[in-house]
S.K.: 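Attaching a single structure in structure tokens format; questions to follow.
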2 protein chains.
Amino acid sequence: MWLACARSGVLALADYRASLHHVQFCTRFYGGLDRMQDLLPKSEGLRERKRQETLQRITEAGLKSFIARGYEETTLDDIAAAASISRRTFFHYFKSKDEILLAQLDNYAQSIKASTVENASAGEPLDVAREALLKVVNGFEEPQMSAIARIMRQSKALQVRRGMANLQFEKALYEGLCSLWPGKQRRDGLRMVAMVAVGALRLSVETWQQDGKRPLAKYLRDAFKNLRAEIRATDS
Amino acid sequence: MWLACARSGVLALADYRASLHHVQFCTRFYGGLDRMQDLLPKSEGLRERKRQETLQRITEAGLKSFIARGYEETTLDDIAAAASISRRTFFHYFKSKDEILLAQLDNYAQSIKASTVENASAGEPLDVAREALLKVVNGFEEPQMSAIARIMRQSKALQVRRGMANLQFEKALYEGLCSLWPGKQRRDGLRMVAMVAVGALRLSVETWQQDGKRPLAKYLRDAFKNLRAEIRATDS
DNA sequence: GTGCATATTGCACTGAGTGCAACAAGTCAA
DNA sequence: TTGACTTGTTGCACTCAGTGCAATATGCAC
């Protein structure tokens, strides 16, 4: 019976992959905004392997159900059942229901920080930020991003959480920039740059999701151009 | 007994006013992000007057308890009891617990929009935005803002909601700007300006709350200067 | 007053999230 | 392999936010 349960979980998983034409959701998780555990360094042993498997089962079950039936309509009991764990165990993997989605975005925050450092040669802070974001944006795995974005727009609560993710991005970018310009006197400016750049990202994603014929990177470049034009025109 | 209850409510209210050195929370409410009812036009009659009184009782009870015992620790039963209504009735006034706080901020969104239109002569969009925000910021009723801000920092859930309020501000500012520059081709730029300006506001409020010796307006001016400096230095 | 609209309330319900204590499974050493 | 130790899983009972419904109370207009 337990075996049957596990098997149906695997089947559901395969079915899900096929139906959505994409693979490899979340090979690594950092546990969301304030991670409950550090999962990175110790990656060997049966225990850890099982944990990763469960994590993946939960995530896939959650995303699948969110897409199929909607976020609010999916209960934790549903997810737990589909992932072959108890409801109580769910909370040992995620602090809350929405963290299933947030953890996805958290990966991008990591990328942003890394990409910032790699683009150190781009010039001034805002140029570095722009190039870093462009790089990350080009690395978006298309169907996954759109799926998550679609879910996020379903409920107000999630849109709100999405806003939080942008703050994560901003923080990541800021930290990246700070490591390139370590001087203390520049801090406020870098903070501002991070804010503006993520803002540009936000606006582009918005436009892209509405009438997205062109690739996201195009919209992002335009946003930065707009930004410069508007601020140039300014007085004092 | 019911009278005793009502009287204690009034006493609590007076006590609250005295202890916080300020008055007139929320003379008008719009019901938060998506208001549940339009309370503005019809403002006469016993019924409406009672409604306003209840609204005020709820808000004061809520804020008082949030400050005294913390946001998470305050249950809706507490608030309802303190406001001399039933728990169920609470939901006829606010859609959720956090709306008590959000409704406060919503008032500022209205001010921002109005102030934008009034400052039409300031020059380019970003200048108008800056002047509008400065004006609103100068109108902050000091102890109230700080109190709300302090509560907002207590829980993660509230910080997230606070982020949503910034989006409200951004929207208000954008709408104000759009009424000044009605042309469609400028839209994206105005959106960008609104985003950047509210971002500047956000950063200033943050700094101000941390080491706030100077008035908020000072920080806001600095933020706009920083902004300009950073973007000027940029390449393409 | 009567009739109508709206406000208030209690009740029963769902669903998220927590604390606890029992139990199962992985780990490591002897 | 066995036994001690650690970590993971689970069920249970609980709290609290939020909703739907139906009964009752209140304000309002005639």
Side-chain angles (χ1 to χ4, degrees), chain A residues 1-2 5-6 9 31-32 34 36-39 42-55 57-58 62 65-66 69-81 83-102 155-158 160-161, chain B residues 1-2 5-6 9 31-32 34 36-39 42-55 57-58 62 65-66 69-81 83-102 155-158 160-161:
Chain A
M1 168 143 174
W2 202 94
C5 223
D34 34 8
M36 52 178 58
Q37 256 150 302
D38 225 285
L39 302 167
K42 40 169 179 181
S43 57
E44 270 337 297
L46 208 179
R47 202 167 228 163
E48 191 54 28
R49 204 166 64 245
K50 279 185 101 174
R51 187 179 174 82
Q52 294 303 326
E53 279 170 20
T54 306
L55 204 43
R57 264 193 345 264
I58 296 174
S65 183
F66 292 163
R69 306 212 300 269
Y71 178 79
E72 305 280 7
E73 288 69 28
T74 301
T75 69
L76 288 183
D77 290 286
D78 296 337
I79 297 174
S84 308
I85 53 166
S86 75
R87 210 181 79 91
R88 194 63 190 79
T89 299
F90 172 88
F91 289 103
H92 286 120
Y93 285 85
F94 294 97
K95 280 176 72 179
S96 58
K97 191 177 164 186
D98 51 18
E99 237 192 59
I100 297 176
L101 294 164
L102 267 329
S155 97
K156 183 135 270 171
L158 278 180
V160 166
R161 289 299 252 172
Chain B
M1 166 140 174
W2 202 94
C5 220
D34 32 10
M36 53 180 54
Q37 254 149 305
D38 225 283
L39 302 168
K42 40 169 179 182
S43 57
E44 270 337 297
L46 208 179
R47 198 167 232 164
E48 191 55 26
R49 205 166 63 245
K50 280 185 101 175
R51 187 178 174 82
Q52 295 302 326
E53 279 169 17
T54 306
L55 205 41
R57 264 194 344 266
I58 296 174
S65 184
F66 292 162
R69 304 212 302 268
Y71 178 78
E72 305 281 7
E73 289 69 28
T74 302
T75 69
L76 288 183
D77 289 285
D78 296 336
I79 298 174
S84 308
I85 55 166
S86 74
R87 210 180 79 90
R88 194 65 190 78
T89 299
F90 172 88
F91 290 102
H92 286 119
Y93 285 84
F94 294 97
K95 279 176 73 181
S96 57
K97 190 178 164 186
D98 51 19
E99 236 192 58
I100 297 177
L101 294 164
L102 268 329
S155 96
K156 183 134 269 169
L158 279 179
V160 165
R161 289 298 251 172

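Side chains are part of it too, since the values below use all heavy atoms of this structure and drop only hydrogens, waters and symmetry mates. Here is how names work: the chains are called A, B, and so on, in the same order as the sequence lines, proteins then strands, and each is numbered from 1.
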S.K.: Measure from the side-chain heavy atoms of B:L46 and tell me the nearest of D:dT10, D:dG27, C:dT8.
M.R.: D:dG27
S.K.: Using atom CZ of A:F91 as one end and atom P of C:dC20 as the other, report the distance to the nearest whole Å.
M.R.: 16 Å
S.K.: When you get a sec, tell me which of C:dT9, C:dG17, D:dT9 is the closest nucleotide to the side chain of A:H92?
M.R.: D:dT9
S.K.: According to side-chain contact (heavy atoms from CB on, under 4.5 Å), who are the partners of A:T89, at least two apart in sequence or on a separate chain?
M.R.: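 Once residues adjacent in sequence are excluded, the partners of A:T89 under the side-chain contact (heavy atoms from CB on, under 4.5 Å) criterion are A:I85, A:S86, A:Y93.
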S.K.: In this structure, how many angstroms lie between the C1' atom of C:dG17 and the NZ atom of A:K95, rounded?
M.R.: 12 Å
S.K.: Kindly determine whether A:F90 and A:I100 satisfy side chain to side chain contact (heavy atoms under 4.5 Å, CB included), including the steps that lead there.
M.R.: CA-CA 10 Å; A:F90 172 88; A:I100 297 176; 3.7 Å; yes
S.K.: Could you check B:L102 against B:F94 for side chain to side chain contact (heavy atoms under 4.5 Å, CB included), going step by step and ending with a plain yes or no?
M.R.: CA-CA 10 Å; B:L102 268 329; B:F94 294 97; over 6 Å; no
S.K.: Just how far, in rounded Å, is P of C:dT6 from CZ of B:R51?
M.R.: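 Going from CZ in B:R51 over to P in C:dT6 covers 12 Å.
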S.K.: For A:T74, which residues count as a side-chain contact (heavy atoms from CB on, under 4.5 Å) partner, sequence neighbours excluded?
M.R.: A:S65, A:F66, A:R69, A:D78, A:I79
S.K.: Let me know the distance between CG of A:L158 and P of C:dA16, rounded to the nearest Å.
M.R.: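 Spelled out: CG on A:L158 to P on C:dA16 is 12 Å.
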S.K.: Round to a whole Å and report the spacing from OH of A:Y93 to P of C:dG17.
M.R.: 18 Å
S.K.: Measure from the side-chain heavy atoms of B:T75 and tell me the nearest of D:dT26, D:dC16, D:dT10.
M.R.: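 Per side-chain heavy atoms of B:T75, the pick is D:dC16.
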S.K.: Atom NZ of A:K97 to atom P of D:dG18: distance rounded to whole Å?
M.R.: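 About 14 Å, once rounded to whole Å.
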S.K.: Go through the steps to decide whether A:R57 and A:T54 satisfy the test side chain to side chain contact (heavy atoms under 4.5 Å, CB included), and finish with yes or no.
M.R.: CA-CA 5 Å; A:R57 264 193 345 264; A:T54 306; 4.0 Å; yes
S.K.: Kindly indicate whether the side chain of B:R87 and the base of D:dG18 share any N or O donor-acceptor pair separated by less than 3.5 Å?
M.R.: yes
S.K.: Taking for each residue the nucleotide of DNA chain D with the nearest heavy atom, is it B:K50 or B:T74 whose nucleotide lies nearer the 5' end?
M.R.: B:T74
S.K.: Figure out the CG/P separation between A:L55 and D:dG8, and round it to whole Å.
M.R.: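 About 12 Å, once rounded to whole Å.
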S.K.: Spell out yes or no: do the side chain of B:R88 and the base of D:dG20 have one donor N/O and one acceptor N/O closer than 3.5 Å?
M.R.: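 A donor-acceptor contact between them is present.
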S.K.: Heavy atoms only, 4.0 Å cut-off, all strands: where does B:T89 land among base, sugar-phosphate and nothing?
M.R.: base
S.K.: Quick check: on DNA chain C, is the nucleotide nearest A:E72 upstream (toward 5') of the one nearest B:I85, or the reverse? Name the residue that is more 5'.
M.R.: B:I85
S.K.: Hey, does the side-chain of A:R47 have a donor or acceptor N/O within less than 3.5 Å of a partner on the base of D:dT6?
M.R.: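 Side chain to base: pair present.
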S.K.: Once you round it to whole Å, what is the distance between C1' of C:dA16 and CG of B:L76?
M.R.: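 The answer, rounded to whole Å, is 15 Å.
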